[in-house]
Amino acid sequence: MSDTTIFPQLEIPQTIAAGPGPGNTDPRVLQRFASAGVADHMQPDVLRGMVECKHMLRQVMGTGNIHTFGVAGTGWSGLDVMFSAVMPGDRVVMFVNGTFSGLDGLTVRMKAATAEELAANPMDPQPASVTIVTVPHGQSVSGEIVEAALAEHKPKWAAMAHWETGSGRVNDLRGFSDACERHGVMGLVDAVSSLGVEDFRIDDFPGVHGWASCPQKGICCLPLTYAPVSFTDRYIDVLKQTGCRSFVHHPILEARHWGIIDGKDAEKGTYHRTHSAYAVAAFHEALRIALQQSIAQRARDYAFHEAALRKAVTRMGCKVTSNMTSLVVLNLPDALAGREMELVQTCRATGFGIWPTLSEPVQVRIGILNLLTPAAITDIVTRFGAALTDMGAKIDMPAVLADLDQHYAPALAAE
Ligand SMILES: *Cc1c(COP(=O)(O)O)cnc(C)c1O
C-alpha cells in the first residue's frame, strides 16, 4: 500500500471580489496570461515586454524616474524593495493610521533595528531610531501632523500610506511631500491602494523619493505579477552609498532585468532572476488597459460609483467613515452593531466577498475595484441590502434602488 495522497483537481469558484483587494482581474489580463507561450526569461519578446512595461509604468505613475519597474510578487514585495534602503540605526518617522501602515511600520522597525534591538524582540523590534506616530483609526494623516513630527525628530526617512486601506482613509500626500521637502527628509510612500485609482502623478510630489504599489488593486492584475515601484535619483544615490542587505529585493539590482543599468535605460535587460512570460504578458496588458482607459477617466469612474454605493448604504442606515473612492468602510445601523463579523461571514459564504476591518474597531468594508458599472454596483447594493434585511434591519429597498437608478440615469441616457 502506498501512502501517496492525490487530492482532486482544485476548483475555485467565481466570487464577487467586493473587498479592499484583490480586485477583479480584467478578463483581457487573464487571456494574455493564459495565451503566453512557454519562453524563458531571456527570450527577446519577454525582455521586450519588460522594457515596454517599464515605459508604460512610467506613464501610469506619472514619472521620469529611471528606476521605475515591477517587483515580482505582491504589494509587500514592492514595499520590501522600497524599505530596503532603510539601514540599521537610520532615523525614521512612520505615520500609522490603520492595519497596512501599521505593517509598514513593522517593516521599517525590522529594517532600522540594530542587531541588538532585533535580537531583543525579533518579531516586533522597537528600535530607538524609529518614531511611530499613531493617528486614530478612521482619521487621516494630515500635513500638520507630518510637519510637527518631522520638525521635532529630523529623521532621514519619513513614511506613510497614501491610502490606508485598513480604515479607508486618504492621507495628505501634498502635506507629507511638502513637509519632507522643508525638512530635507526623504519620503517613502505606500501607494498600494491608490495607484490606478486616483489621478495623481508621483513627480508632482518631490518630497517623496520612494514609491511602492501592488499588482492587484488599481492595476487589476492579480495573477501573481508585479508590484510597481519608483525611486528618484536621490534615493538611488543614497542607496549606492549605504548598500542594502538584499540581493533579490535590491532596488538597483532588481531594476537590471527591466533594462535599467548603471542609471540608464538599456536596450534590453540582463539577468536578475527568472521572470515568467505569463506574468510579463499579463502585466503588460494590465498597463495597456490602464493607459487606454486613462488614469484620469478611471479616477472619475471610481468617484462616481463610490458615491452611488455610499449613498445606498447610507440610506440603509449605515454610517460611512472612509473617504477612499475604491472602498467604503462603514458602521452597521445601531440595531446591528456588534454583528459585523456575522454579516461579513454570511455574505462571503454566498460568494459575495466583502471584508471586515483587520484591526480594531470592527467595521465592514465593501470595495469596488474594477467593478465600475451600474450593474455591478446595483448587484452589490442588492446583495448587501438583502443580507442586512435577513439580519432584521428594516430597509426600504425599493427606495434605495430607485435612488441608485436616479444616480445612474444620466450616465445610462448618455450611452
Ligand atoms: C493591500 C495593501 C498592502 C499589501 O499588499 P499585498 O498585495 O497583500 O502584499 C499594503 N499596503 C496597503 C496600503 C494595502 O492596501
Side-chain angles (χ1 to χ4, degrees), residues 17-25 29 57 61 70-84 86 94-111 132 134-135 137-141 158-173 176 187-198 200 202 205 208 210-230 246 248-249 254 279 282-283 286 302 306 322-329 353-359 363 365-370:
N24 291 269
T25 299
V29 170
L57 190 56
M61 297 182 86
V71 179
T74 72
W76 292 124
S77 313
L79 286 158
D80 198 58
V81 170
M82 179 178 81
F83 287 126
S84 69
V86 174
M94 173 82 221
F95 300 92
V96 170
N97 66 324
T99 313
F100 292 98
S101 46
L103 293 171
D104 285 330
L106 175 58
T107 305
V108 163
R109 288 186 284 112
M110 287 169 160
K111 307 261 188 213
I132 304 283
T134 305
V135 174
H137 178 101
Q139 294 178 27
S140 296
V141 178
M160 76 170 190
H162 181 197
W163 289 12
E164 170 46 78
T165 326
S167 55
R169 296 297 301 184
V170 175
N171 293 329
D172 183 359
L173 185 56
F176 178 83
L188 302 174
V189 167
D190 171 345
V192 165
S193 249
S194 54
L195 185 70
V197 178
E198 190 176 56
F200 69 105
I202 67 172
F205 300 92
V208 183
W211 300 82
S213 189
C214 80
Q216 85 280 12
K217 288 173 180 159
I219 302 296
C220 310
C221 195
L222 178 61
L224 196 63
T225 60
Y226 292 104
V229 292
S230 186
S246 173
V248 67
H249 279 176
E254 173 89 300
F283 189 51
Y302 274 108
E306 189 268 352
S322 54
N323 62 354
M324 281 170 52
T325 55
S326 54
L327 179 68
V328 166
V329 182
I354 62 173
W355 279 71
T357 46
L358 298 177
S359 46
Q363 294 183 285
R365 295 187 294 165
I366 310 175
I368 58 170
L369 288 171
N370 211 14

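When a ligand or atom number is given, it counts from 1 through the structure's own listing order. Reckoned from all heavy atoms, side chains included, excluding hydrogens, waters and symmetry mates. Because the structure is a prediction, the values reported are computed rather than measured. We number each residue from 1, following the sequence as shown.
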Notebook entry, point to check: Any donor and acceptor pair, going by atom type alone, linking the side chain of Asn370 with main-chain N or O of Asn24 inside 3.5 Å?
Noted result: yes
Note to self: Counting C-beta onward and ignoring hydrogens, is there a side-chain heavy-atom pair between Arg169 and Val135 closer than 4.5 Å?
What the structure shows: no
Next item on the list: Using a 4.5 Å cut-off on heavy atoms from C-beta on, say whether the side chain of Ser101 contacts that of Met94.
Entry: yes
Note to self: Any side-chain to backbone donor/acceptor pair from Thr25 onto Leu222? Under 3.5 Å, distance only.
What the structure shows: yes
Check: With a 4.5 Å heavy-atom cut-off, do Trp76 and Leu103 have their side chains touching?
Finding: yes
Notebook entry, point to check: Who are the residue neighbours of ligand 1 when the rule is a heavy atom under 4.0 Å from any of its atoms?
Noted result: Thr74, Gly75, Trp76, Leu79, Phe100, Trp163, Thr165, Asp190, Val192, Ser193, Gln216, Lys217
Next item on the list: Only one of Thr107, Val71, Asp104, Leu188 passes side-chain contact (heavy atoms from CB on, under 4.5 Å) with Met82; say which it is.
Entry: Leu188
